[in-house]
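A short write-up of the structure that comes next.
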Protein chains: 2
Amino acid sequence: MAGQPLSTVDRVLELVDLFNRDMQLSFERDGLTQARAHLLWALRGGPLTQRALADALAVTPRNVTGLVDGLVAAGHVVREPHPSDRRAVLVTPTPAGAALLDTMVAGYGELEEVLLGAFSARQVRDLHRALGVMNERLRRRIEEEWG
Amino acid sequence: MAGQPLSTVDRVLELVDLFNRDMQLSFERDGLTQARAHLLWALRGGPLTQRALADALAVTPRNVTGLVDGLVAAGHVVREPHPSDRRAVLVTPTPAGAALLDTMVAGYGELEEVLLGAFSARQVRDLHRALGVMNERLRRRIEEEWG
DNA sequence: TATTGTTATACTCTATAACTATA
DNA sequence: TATAGTTATAGAGTATAACAATA
């Protein structure tokens with residue numbers, strides 16, 4: 001293992017690991033677990049019902065109940081009645097939660113800077129395209145192999 | 001959000017998501033959870049003590065005990081006495097576990113094929129280098145920001 | 001009837017702390 | 001004393017199944 005040159009996929013895997021580590025550390029600093037941060041992130045476009053959150057997070061409704069409970073207890077979100085469907089609740093960030101979302105968005109921009117800082121515009125464009133192609137292939141492979 | 005062009009970091013994040021999804025599906029097909037697959041993967045270079053596994057997986061020794069228990073019950077690994085240290089155990093793949101490792105290695109090669117298939121040698125080289133630079137920066141950022 | 005969210009229950013992964021057997 | 005691994009205990013995330021309220 002040691003001393004062997006890394007394959008390109010190794011480097012992608014390494015990037016995945018580093019990403020996860022960095023993000024988890026960020027979330028912990030903000031008092032969020034990864035799962036709760038993920039849910040909060042899903043609200044950056046506006047309030048969602050728990051059902052919509054379950055779909056967005058690819059997780060069961062029961063699971064969303066627990067995550068929202070935690071975020072409510074921490075003061076990051078509130079449950080509000082849905083205006084037209086009395087079965088549903090809308091999960092909405094509190095001001096504190098919205099501020100946290102802002103810092104997440106900012107950290108996101110900073111990450112872009114860190115990762116792409118010293119590349120030329122052309123290199124960034126090529127990388128952007130290559131990543132798009134890889135994503136598309138991986139998506140197709142998942143579709144074909146796992147339905 | 002919808003319709004907006006994806007930034008390069010968005011594409012990296014998307015790749016991370018797809019990777020995790022694909023791998024988790026593979027592991028489930030092989031009867032492995034993600035954590036157990038990770039441990040088994042760490043054994044691809046040969047047997048390790050549980051202490052070494054705890055370090056490799058960045059996890060507590062107690063946790064390794066549980067994961068090894070599960071893999072032993074499933075017949076993927078065995079605990080063997082360490083030849084020179086009677087406190088330690090060596091975790092070794094069974095033939096079944098080794099076969100599983102082989103399929104993991106093969107799937108890895110296939111992934112390389114899927115992801116890089118239609119790129120030119122030069123494009124792959126550029127991508128390889130870019131990923132190396134990004135990894136290095138992310139590693140440094142983590143080091144600086146989180147110690 | 002179908003859907004939204006909850007209660008009940010269980011399993012996996014993770015952590016800390018106390019302990020045993022060895023080094 | 002220090003290290004390898006286990007037992008004890010606890011908490012978070014996840015799932016399925018049964019249920020109530022509403023559509």
Side-chain angles (χ1 to χ4, degrees), chain A residues 17 20-21 23-43 47-92, chain B residues 17 20-21 23-43 47-92:
Chain A
D17 266 357
N20 287 340
R21 196 144 88 231
M23 291 198 161
Q24 191 149 1
L25 288 166
S26 292
F27 297 154
E28 281 168 10
R29 180 196 54 191
D30 291 332
L32 289 173
T33 61
Q34 201 166 357
R36 290 177 192 173
H38 197 174
L39 193 153
L40 187 57
W41 183 251
L43 296 176
L48 292 176
T49 64
Q50 293 194 186
R51 175 70 235 180
L53 283 166
D55 291 338
L57 275 53
V59 111
T60 61
R62 174 60 184 95
N63 204 340
V64 171
T65 299
L67 296 174
V68 171
D69 284 351
L71 286 164
V72 167
H76 294 313
V77 304
V78 290
R79 284 187 170 97
E80 291 183 339
H82 190 286
S84 63
D85 185 342
R86 282 192 299 172
R87 294 170 306 177
V89 292
L90 280 176
V91 180
T92 310
Chain B
D17 266 356
N20 287 340
R21 196 143 89 227
M23 292 198 160
Q24 191 148 2
L25 289 166
S26 293
F27 297 154
E28 282 169 9
R29 180 195 54 191
D30 291 332
L32 290 173
T33 61
Q34 201 164 358
R36 290 177 193 174
H38 197 175
L39 192 152
L40 188 57
W41 183 251
L43 296 176
L48 291 176
T49 64
Q50 294 194 185
R51 175 69 237 179
L53 282 167
D55 291 338
L57 275 55
V59 109
T60 61
R62 174 61 184 94
N63 204 340
V64 172
T65 298
L67 296 174
V68 171
D69 284 350
L71 286 164
V72 166
H76 294 314
V77 303
V78 290
R79 284 187 171 95
E80 290 184 339
H82 190 286
S84 63
D85 186 341
R86 281 192 301 174
R87 293 171 306 178
V89 291
L90 280 176
V91 181
T92 309

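Given the structure is predicted, the values throughout are model-derived calculations rather than measurements. Chain letters run A, B, ... following the sequence lines, proteins first, then strands; residues in each count from 1.
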Problem - Given C:dT14, C:dG5, D:dG5, the nucleotide with the shortest approach to the side chain of A:Thr65 - result: C:dG5
Practice task
Would you mind reading off the distance between A:His38 atom NE2 and D:dA12 atom C1', rounded to a whole angstrom?
Solution key: 17 Å
Completion exercise
Whichever of B:Leu67 and A:Ala52 has the more 5' nearest nucleotide on DNA chain C, that residue is A:Ala52
Exercise for the section: Compare all side-chain heavy atoms of B:Val59 with those of B:Leu53 and state whether any distance is below 4.5 angstrom. Expected result: no
Problem - N or O in side chain of A:Gln34 less than 4.0 angstrom from D:dA12 OP1/OP2 - result: no
Exercise for the section: Send over the distance from B:Arg51 CZ to D:dA2 P, rounded to a whole Å. Expected result: 15 Å
Practice task
Between A:Leu90 and B:Ala58, just flag the one whose closest nucleotide in DNA chain C comes earlier from the 5' side.
Solution key: A:Leu90
Handout entry: Within-4.5 Å side-chain heavy-atom neighbours: A:Pro81 and A:Arg86
Key = no
Problem - Rounded distance in Å - CZ (B:Phe27) to C1' (C:dC13) - result: 15 Å
Problem - Integer-rounded Å distance: C:dT3 P and A:His82 NE2 - result: 16 Å
Practice task
Using only side-chain N and O atoms of A:Arg62, determine if any of them is under 4.0 Å from OP1 or OP2 of C:dA8.
Solution key: no
Problem - Shortest non-hydrogen contact between A:Asp30 and A:His76, atoms and distance - result: O-NE2, 4.4 Å
Problem - Rounded distance (Å) that lies between atom C1' of D:dA12 and atom CG of A:Asp69 - result: 13 Å
Problem - N or O in side chain of A:Thr33 less than 4.0 angstrom from D:dG13 OP1/OP2 - result: yes
Handout entry: A:Thr60 side chain, from C-beta outward: closest of D:dG5, C:dT6, D:dT16
Key = D:dT16
Handout entry: Basic-acidic side-chain contact under 4.0 Å: A:Asp17, A:Arg21
Key = no
Problem - Side chains of B:Leu48 and B:Val91 in contact at under 4.5 Å (non-hydrogen atoms) - result: no
Exercise for the section: From the options C:dT14, D:dT7, D:dA15, select the nucleotide whose nearest atom is closest to the side chain of A:Asn63. Expected result: D:dA15
Handout entry: Sugar-phosphate, base or nothing in reach of A:Val64, heavy atoms under 4.0 Å
Key = nothing
Handout entry: B:Ala88, nearest nucleotide to its side chain (from C:dG5, D:dT22, D:dG5)
Key = D:dG5
Handout entry: Under 4.0 angstrom between B:Arg86 side-chain N/O and D:dA4 OP1 or OP2
Key = no
Problem - Any A:Arg87 side-chain N or O less than 4.0 Å from OP1/OP2 of D:dA20 - result: no
Exercise for the section: Taking the side chain as every heavy atom from C-beta outward, state whether B:Asp69 and B:Arg79 have any atom pair closer than 4.5 Å. Expected result: yes
Completion exercise
Among D:dA12, D:dT14, C:dG5, the one nearest any side-chain atom of A:Arg36 is D:dA12
Handout entry: Euclidean distance, atom CD of residue A:Glu28 to atom C1' of C:dA15 [Å, nearest integer]
Key = 12 Å
Problem - A:Ala35 vs A:Ser84, nearer the 5' end of DNA chain D by closest nucleotide - result: A:Ala35
Exercise for the section: Could you state the atom-to-atom distance from CG of A:Asp85 to P of C:dG5 in whole Å? Expected result: 8 Å
Fill in the blank from the handout: Atom CD of B:Gln24 and atom P of D:dG13 are separated, to the nearest Å, by 16 Å
